[in-house]
Structures are given as structure tokens and as C-alpha cells.
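Here the structure is laid out as C-alpha cells; the discussion comes afterwards.
Letters A, B, ... mirror the listed sequences (proteins, then strands); counts begin at 1. Atoms considered below: every heavy atom in the structure, side chains included; atoms not considered: hydrogens, waters and symmetry mates. Given the structure is predicted, the values throughout are model-derived calculations rather than measurements.
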Amino acid sequence: MRRSAYFLPTLKETPAEAQIVSHRLMLRAGMIRQASAGIYSWLPLGFRVLKNIERIVREEQDAAGCQEILMPTIQSADLWKQSGRYEDYGKEMLRIEDRHGREMLYGPTNEELITDIFKSAVKSYRDLPKLLYHIQWKFRDEVRPRFGIMRGREFLMKDSYSFDLDYEGAREAYNKMFVAYLRTFARMDLKAIPMEADTGPIGGNLSHEFIILADTGESEVHCNRDFVDFDVLGSDVEYRDVEGLAKIVDHFTSLYARTDEKHDAAEFERRVPEDRRHVGRGIEVGHIFYFGDKYSEPLGAFVTKPDDSQVAVHMGSYGIGVSRLAGAIIEASHDDAGIVWPEAVAPFKVGLINLKAGDADCTRVCEEIYGRLRGAGIEVLYDDSEERGGAKFAEMDLIGLPWQLVVGPRGVKQGVVELKQRRGGDRQELSSESALARLTA
RNA sequence: CGGGGCGUAGCUCAGUCUGGUAGAGUGCCUGCUUUGGGAGCAGGAAGCCGGAGGUUCGAAUCCUCUCGCCCCGACCA
């Protein structure tokens, strides 16, 4: 993509409404625009990041055996009356009336709808287990939206739902998602710690929140520092190995880690040595629940067992805040100059800077590199604009692409270009060929 | 939902107390000079001062109502 043609409205100054660093940087880097309180438009740069996050989430869900579907944003109130949540959810639910006076709502979550879909199609234990997910916009009419997309009213969420015959089966599904979440966040270079959590209005009695430690987080957490040093999971996880999964889950739940609601000061002090105690704030990026028959029972999702008896299926639900992750990643990875994207979610891998757009030699070298990078399938933002060098450097640092390839008249004369790594700032001069080899390796 | 604050140029803000008809920086446009970390000079465009009503000879400024946004807390993913 050529910078001169790209819709990238960066800002030199920080808009007044932005308080936390991710919100500031997202606005300054031209990723998002606020439409109204807690509701945002995603501009090209931000949308690329969102799509990358979504892709990683999707790949890991698929790998865990979860099947993607797509449910609507607008739902009928009927199912919610059956489950009892039409009243319980309160004002956070955006209620809508259609032209016929029917009560509708903008879905804040999808347990009711998925249960209805499931029960209409599945009648026998033979059809279990099932794991389904979708990635869809949700709306929760927060009293006080804040922190940009970190706590918006409209947000993109991946929600999965598991259906099993009994607790053991549901526990396997829970473990699969637990492990898939560890994988998902690790691929985004995030240290997400699974913490014992409250179930809230979803209900149920087994739940973990996946939390990234960050001072700007909204949740207060207590955990053992050793979690930070845990090795991340490789891509060789075998999801059919039930015992193997259980072992991984046991390992990642062996140390004390709890959200505020579940915190027990005495137990914390007993189980965690003083120098290992961490009390701080965190950002919730995922939340998984087992809730048994809380929805299957009232909504009538029963299957026939081998002995011809009927049983309400055991269910769990598993959420990842896809849009929130964009902000959480920035909270975890930035410096004074701007965003530092992990390569897996970066909007482009390389920023190619032509330091002197009017110079024939610089432009020739840049065009050559640009063509070859694109030919190799590398995503590159080519700053071919007439701006001065300083402005280009500052903007490239701000938007945080992992690699900067700088082509200037001084280097071109000597047959070299400069390759700079955004994280850490290491830079080296080398030939175009070597630089291309490095970037396409 | 309690408490506080803010709406003036694309952005950051001054001007409001004490009423007299709109300002700065930055960004944008033009030209010249520059060109390796957000350049310099000169010229220029750009705002029914969030909206409605009222007071007044006269309102960005005072009064009333209203809409929007932000922050703290409670709540929540």
C-alpha cells in the first residue's frame, strides 16, 4: 500500500477525551474514530489489526475442533423471556421494538439463541459432543463506557458454546477451550493468566478469566508472579488427548490466581510466598464458563440417552473480546514514540520509507524493493509521500510496524539501505538484497 | 445511577468572571528555500462559539431549557 493513497488520518496531538495509552494511540494512529459514546468506527489501519486478531482467534478455535457459525445481532425477546434473562439483564440490554410492535433486542450474548438452534437439531446423545462459535458484534448498554474500545458498548466478541451429555464431557470441552485460549493469547505475544473467576449473570460454578497484567486494567487481581515465567504452549497441542489437556489445565491452575470477587486473603498468604505475591490490575481478554443446564433446562434442550431417558445437555460458554484485544495488545506493547505491534497482528509487516521522494535514485530503489516485497507476499506500507524524513520516522514509529526499511540518498550512494526493528530500535545498514532476504525469510 | 467537568477552526486550547460582533499554536492550501528523527520564510482558506428560547440597543460571554462528550465512584465482560 502506498502511503500517498492510504486513508491514514494520524494526529500529532492527542484528542482531549482519550485518557489511557491504548485509546490515545489508537486515535493518533488513525485506527479508530468515535461515532458516539462507546461506539467506534474502524479505519483501514485499525481494521487490519482487528482482522488479524480475528484470524488468530478463528484459527485456534478451528484447531480445537470448534465449528464456526454466524448468528444475528438482533434477537427476538421471546427466548430471553423463557430463560428469565429478559428481566435479569436489566438496562444493559438494548431493547428494540420493530414496526409490528414485536419486542426485539440487540444481542449482548447468545446463550439463548444457540441453545434454541441446538435443540431444534439435536435429539440424541449420539450427536454429542458439539462445539460451536461465532464472531459477531455485541451490544451492552454500559452505564459508563470508557477507555476507547476497551470498554465500548458495541464490541466484537468471539463466543463459543459447548454441548455435552454430562459433566465429564463438558469438562473436556472446557479444557479444550482453556488450552485454545492459552494458545490464542500466546500468539499475540500476550501473557494472559487464567484466574478463578465469578460467573456473574451467565451463571454456573466453574469459570476462569484470562487476564493480562496492566496498570490500566479494570479488574483487581491477586496472583503468583511465577505465572509470568510459565512457558507458552507450542502449536503441537493434541486436542484429542483428553488426559494431556487436563494436565495442561492443571499446570496452569496450580498456582494462586484469582480475580477480586474470588480472592481470599488468608489463602493467598498461605499459598503464595511473600516475594511471589502480585497484587495489581489486569485486563480481561477472555472468560470461560461451565454452567450445566442453566439454559438447556428452561429452553428445553434435551437429548435421549442410551437408556431412553431424557437429559438436559451440559453447556459451557467461552468468550474472547476481539475488539478489546486490539487495545489490550497496545497497553502491553508500546513506548513513548507509539505502538509496537507484535508481528502476528501488525497491520503491515514492513514500513518502507523513501526519505527523499523527489530523488530519482531513492525512488528507483524503493519501487524495486516495494515490488519485490509485494511479490513475496509481504504486507508493506510504502511511504512515498513528499513529507520530510523526520515526519516519516515519527509516523512510522507511531503506527508501530515491526520493521522499517529506510531508503535515503546517503545510503543509496553507498549501495545500502537501513533496516530498523521497531521493538528495541536496533538498526543496521545492509544491501537491498540482504534486507529483502531478511524480510522474506 | 450518584458526584464533578467540558462543548469556540480538522486537532490542542485562549477568550466567558467584567456583554461591544472571533483569536493562538498545530494541521490544511500556494510559492520559495530546505531535506537522515514531527523544517524556515511569505501569503492564503477555514468557525450561524453544540442546539433552542429568553434578557439586552447589542450575547461565545448573562438566564432557562435541552443535546452531546469526558472523568471519579457504584455496576458490569
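- Of the two residues contacting RNA chain B, namely Ala394(A) and Glu386(A), the nearest-nucleotide position lying further toward the 5' end is that of Glu386(A).
- Atom pair Leu27(A):CG and G10(B):P shows a separation of 17 Å (rounding to whole Å applied).
- Base pairing of C1(B) is made with G73(B), judged by Watson-Crick or G-U wobble geometry with both donor-acceptor distances under 3.5 Å.
- Taking the side chain of Arg427(A) as heavy atoms from C-beta on, and the options G36(B), G37(B), C69(B), the nearest nucleotide is G37(B).
- Within the structure, a side-chain polar atom (N or O) of Lys12(A) is placed less than 4.0 Å from OP1 or OP2 of G27(B).
- Atom pair Asp88(A):CG and A77(B):C1' shows a separation of 17 Å (rounding to whole Å applied).
- Base engagement by Arg28(A) is indicated by at least one non-hydrogen atom pair under 4.0 Å involving a base atom.
- In this structure, G23(B) forms a base pair with C13(B), meeting either the Watson-Crick or the G-U wobble geometry with both donor-acceptor distances under 3.5 Å.
- Searching all strands for a Watson-Crick or G-U wobble partner of C49(B) with both distances below 3.5 Å returns nothing.
- Counting to the nearest Å, the C1' atom of G38(B) and the CD atom of Glu387(A) are 8 Å from each other.
- A gap of 16 Å separates the P atoms of G2(B) and C75(B), to the nearest Å.
- Using a 4.0 Å heavy-atom distance criterion, Gly286(A) is classed as making no nucleic acid contact.
- Here the separation of G19(B) from G5(B), taken at their P atoms, is 23 Å to the nearest Å.
- For Lys392(A) and Asp383(A), the salt-bridge test passes: some basic side-chain N is under 4.0 Å from an acidic carboxylate O.
- Here, G58(B) and A24(B) have their P atoms 29 Å apart, quoted to the whole Å.
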Ser22(A)/Glu331(A) under side-chain hydrogen bond (donor to acceptor under 3.5 Å, both in side chains): CA gap, chis, key distance, verdict: CA-CA 5 Å; Ser22(A) 60; Glu331(A) 289 293 330; 2.7 Å; yes
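- Within a 6.0 Å sphere centred on CZ of Arg33(A), heavy atoms belonging to other residues, nucleotides or ligands number 12 at most.
- Minimum atom distance to the side chain of Glu395(A) is reached by G38(B), of the listed G36(B), G38(B), A77(B).
- At the heavy-atom level, Arg153(A) lies nowhere under 4.0 Å from the strands shown.
- Scanning atom types as modelled, one donor and one acceptor separated by under 3.5 angstrom connect the side chain of Glu13(A) and the base of G25(B).
- Side-chain atoms of Arg187(A) and Ser235(A) include no donor-acceptor pair closer than 3.5 Å.
- Nucleotide G37(B) holds its P atom 14 Å from the NZ atom of Lys356(A), rounded to whole Å.
- Among the atoms of the strands shown, none is found under 4.0 Å from any heavy atom of Ser219(A).
- Gly217(A) comes within contact range of no nucleotide atom at all, as no heavy-atom separation falls under 4.0 Å.
- Checked against Tyr290(A) for a ring-ring contact (aromatic ring centres under 6.0 Å, His included), the options Tyr167(A), Tyr174(A), Tyr161(A) give a single hit: Tyr167(A).
- Judged by Watson-Crick or G-U wobble contacts below 3.5 Å, the nucleotide C6(B) has G68(B) as its partner.
- Regarding Tyr40(A), its OH atom lies at a distance of 6 Å from the P atom of C70(B), rounded to whole Å.
- When the nucleotides U12(B), G36(B), C71(B) are ranked by their closest atom to the side chain of Gln19(A), C71(B) comes out on top.
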Candidate pair His287(A) and Ser207(A), rule side-chain hydrogen bond (donor to acceptor under 3.5 Å, both in side chains), full reasoning: CA-CA 7 Å; His287(A) 200 163; Ser207(A) 177; 2.7 Å; yes
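- Residue Phe155(A) places its side chain closer to A77(B) than to any other of A77(B), U35(B), C13(B).
- Look at Glu433(A) and Arg372(A) and you find a salt bridge, because one of the NZ, NE, NH1 or NH2 atoms lies within 4.0 Å of a carboxylate O, short of that distance.
- Across all strands shown, Gly321(A) has no heavy atoms under 4.0 Å from either base or sugar-phosphate atoms.
- We find that Arg140(A) and Glu154(A) are not joined by a salt bridge, their nearest charged nitrogen and carboxylate oxygen being 4.0 Å or further apart.
- Atom P of nucleotide C70(B) and atom CD1 of Ile20(A) are separated by 13 Å, given to the nearest angstrom.
- The same atom, C1', is picked in C67(B) and in C29(B); the two are 35 Å apart, to the nearest Å.
- For G68(B) and G50(B), the P atoms lie 16 Å apart once the distance is rounded to whole Å.
- The P atoms of C70(B) and C63(B) are separated by 26 Å, rounded to the nearest whole Å.
- Nucleotide G73(B) holds its P atom 12 Å from the CD atom of Glu220(A), rounded to whole Å.
- Residues in residues 338-355 of chain A take part in these salt bridge (Lys or Arg N to Asp or Glu O under 4.0 Å) pairs, two or more places apart or across chains: Glu343(A)-Lys349(A).
- With both ends at atom C1', the span from A14(B) to C49(B) equals 13 Å, rounded to whole Å.
- Across all their heavy atoms, Ala37(A) and Arg153(A) have their closest contact at O-NE, 2.8 Å.
- Taking for each of Val406(A) and Glu17(A) the nucleotide of RNA chain B with the nearest heavy atom, the 5'-most of the two is the partner of Val406(A).
- Pairing for A42(B) is with U30(B), a Watson-Crick or G-U wobble pair whose two hydrogen-bonding atom distances lie under 3.5 Å.
- Comparing the same atom, P, in U30(B) and in A46(B) gives a spacing of 16 Å after rounding to whole Å.
- Gln34(A) comes within 4.0 angstrom of sugar-phosphate atoms only, judged by non-hydrogen atoms across all strands, and of no base.
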Intermediate values then yes/no, side-chain hydrogen bond (donor to acceptor under 3.5 Å, both in side chains), Asp397(A) and Gln404(A): CA-CA 9 Å; Asp397(A) 283 349; Gln404(A) 293 174 16; 2.7 Å; yes
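- Base contact: Glu142(A) has a heavy atom under 4.0 Å from a base atom.
- Remark: C62(B) base-pairs with G54(B); criterion is Watson-Crick or G-U wobble with both hydrogen-bond distances under 3.5 Å.
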Below 3.5 Å is the cut-off: list the nitrogen or oxygen pairs between protein and nucleotides 1-7 of chain B, distance only.
none

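- Across the protein-nucleic acid pair, Asp260(A) atom CG and G73(B) atom C1' stand 15 Å apart, rounded to whole Å.
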